[in-house]
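Since this is a predicted model, take the numbers as computed values, not measurements. In each ligand, atom 1 is the first atom listed, and ligand 1 is the first ligand listed. One-based numbering along the sequence shown.
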Amino acid sequence: MNDSTTGADQGQALPGGAGEGTRAVRAGLPEPVKHEPTLPGPVFAAHFHLPGDPTGPYTYGRDENPTWTLLEQAIGELEAPGQDDVETLAFASGMAAISSVLFSQLRAGDAVVLPDDGYQALSLVRAQLETYGIEVRTAPTGGDAQLGVLDGAKLLWIETPSNPGLDVCDVRRLAEAAHARGALVAVDNTLATPLGQRPLELGADFAVASGTKQLTGHGDVLLGYVTGRSGEAIAAVRRWRKIVGAVPGPMEAWLAHRSIATLQLRVDRQNATALALARALRDRSDVTGLRYPGLSDDPSHRIASRQMRRYGCVVSFTLPTRARADGFLDALRLVDDATSFGGVRSTAERRGRWGGDAVPEGFIRFSVGAEDPEDLIADVLRALDESAG
Ligand SMILES: Cc1ncc(COP(=O)(O)O)c(C=O)c1O
């Protein structure tokens with residue numbers, strides 16, 4: 001197998017004949033109206049004029065907002081192109097979206113399967129679920145180990161590729177196994193973005209993501225979303241959003257929608273540079289544990305190439321010691337030492353500083369931005385040399 005920036009079927013014309021870049025720039029736009037902007041500005045409203053019977057669509061700002069409607073439509077068009085029977089709900093953050101799925105679907109006595117190597121706030125969610133009498137089982141993402149703990153579960157939660165370890169599991173296989181046992185399946189699609197992977201097409205019931213990362217890509221917005229097939233399950237998520245009020249501000253929703261227009265440009269640039277960086281790191285003797293699903297020799301590549309259309313902008317690797325990793329981060333000039341990932345400005349961090357991930361002290365999570373690839377790679381190689389002393 002060859003290294004690749006793209007996996008299955010990327011670049012083909014999509015249903016309706018339009019390619020992904022075309023769909024990204026037009027996603028969620030309303031029909032043109034003379035003298036109106038292409039993308040209407042944010043609607044700031046806590047309430048809407050509502051004489052008579054309180055019927056929708058717009059009644060109160062915690063339930064619905066026209067700016068969310070357009071954003072939700074845009075995300076739905078990318079997560080589930082050509083599918084009319086799906087609904088997308090925008091949330092205040094990725095965690096709001098994740099919690100809304102878990103807490104709306106699970107009851108005392110139910111069992112849920114979570115990854116043991118997923119985003120670190122999942123362990124906080126786990127503790128909270130357990131206080132409500134929900135049984136939480138965990139399994140690692142790689143190797144489809146979830147299959148062994150599915151019997152009797154109500155919900156399977158998948159994060160693929162996982163953050164920060166970049167392991168991948170077979171969504172189609174796991175979804176079939178979960179459905180055969182009557183369990184629902186949710187996939188955290190944050191790292192891949194809807195241009196990298198479409199969980200609903202792979203059989204999942206929910207695609208859930210933090211829009212804070214590459215979806216919006218500028219490091220200035222907190223956002224989350226859930227896309228699911230119409231029906232009871234997504235209706236319960238909508239109800240949960242209303243109950244907890246975890247709604248995005250109109251400004252954030254509008255910024256997110258504006259950013260989605262450049263999603264394909266950003267992911268193609270960032271992901272291609274991520275692959276180039278991973279290749280450059282492969283040649284370094286001081287780098288171990290290198291992971292990038294687009295590398296042909298990565299343990300995730302075989303499954304990733306079947307179910308992903310792009311492999312993300314995050315590269316993970318380990319430097320020999322904590323001091324060496326800190327020295328490397330200090331020596332970088334084009335890369336901010338910051339958490340989060342997916343932005344147009346490269347960021348990197350020593351992930352072990354948070355204490356929540358099972359990673360070596362020298363483990364670096366590197367998020368590749370939109371800088372010129374040769375500048376970025378030169379900066380990384382120089383910082384590696386300098387930090388080696
Ligand atoms: C995979 C994944 N899911 C969810 C989240 C949570 O998103 P947010 O920070 O928008 O709440 C993160 C945050 O880093 C993440 O990496």
Side-chain angles (χ1 to χ4, degrees), residues 71 75 79 89-103 114-126 128 138 140-142 157-169 171 186-194 196-197 199 204 206-227 237 240-241 244-249 252-253 255-256 259-260 267 270 274 291 293 300 304 308 311-316 336 338-343 347-359 363-368:
L71 171 66
I75 294 171
E79 277 286 357
L89 298 166
F91 284 86
S93 67
M95 284 314 298
I98 289 172
S99 300
S100 294
V101 172
L102 290 167
F103 289 97
L114 298 183
D116 65 13
D117 51 358
Y119 175 52
Q120 57 175 241
L122 279 183
S123 59
L124 304 175
V125 177
R126 173 191 183 152
Q128 196 63 41
T138 59
T141 298
W157 189 273
I158 293 171
E159 186 180 303
T160 181
S162 59
N163 167 26
L166 304 180
D167 268 324
V168 166
C169 55
V171 176
V187 175
D188 185 324
N189 207 25
T190 303
L191 208 138
T193 83
Q197 173 171 272
F206 298 108
V208 186
S210 166
T212 311
K213 316 290 187 230
Q214 205 176 15
L215 185 83
T216 57
H218 293 74
D220 51 13
V221 167
L222 279 162
L223 193 95
Y225 70 85
V226 178
T227 301
V237 180
W240 193 263
R241 180 176 72 171
V244 296
V247 295
E252 281 77 4
L255 280 169
S259 302
I260 284 174
V267 295
Q270 292 174 244
R291 297 298 305 267
S300 294
M308 298 182 75
Y311 299 112
C313 65
V314 179
V315 177
S316 296
D336 297 329
T339 196
S340 201
F341 57 86
T347 56
E349 69 171 335
R350 197 178 64 75
R351 195 60 188 165
R353 66 180 172 171
W354 296 97
D357 299 306
V359 292
F363 181 98
I364 301 283
R365 188 183 69 186
F366 197 110
S367 172
V368 173

_Restricting to side-chain hydrogen bond (donor to acceptor under 3.5 Å, both in side chains), what partner residues turn up for T212, sequence neighbours left out?_
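By the side-chain hydrogen bond (donor to acceptor under 3.5 Å, both in side chains) rule, T212 matches S210.
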
Locate the shortest heavy-atom distance separating [X] from [Y]; write the atom from each residue and the value.
| X | Y | result |
| --- | --- | --- |
| Y225 | F91 | CA-CD1, 4.2 Å |
| T347 | F341 | OG1-CA, 4.3 Å |
| A186 | V208 | CB-CG2, 4.4 Å |

Taking non-hydrogen atoms within less than 4.0 Å of ligand 1, which protein residues qualify?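 For ligand 1, the residues that come within the 4.0 Å heavy-atom cutoff are S93, G94, M95, I98, Y119, E159, N163, D188, T190, S210, T212, K213, L223, F341.
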
- Query: Is Q120 reaching over with its side chain to a backbone N or O of G355, donor-acceptor style, under 3.5 angstrom?
  - Reply: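 No; zero donor-acceptor contacts below 3.5 Å.
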
### Message
Within the structure provided, determine whether I158 and C169 are in side-chain contact (heavy-atom separation under 4.5 Å).
### Response
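Result yes, sub-4.5 Å side-chain heavy-atom pair found.
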
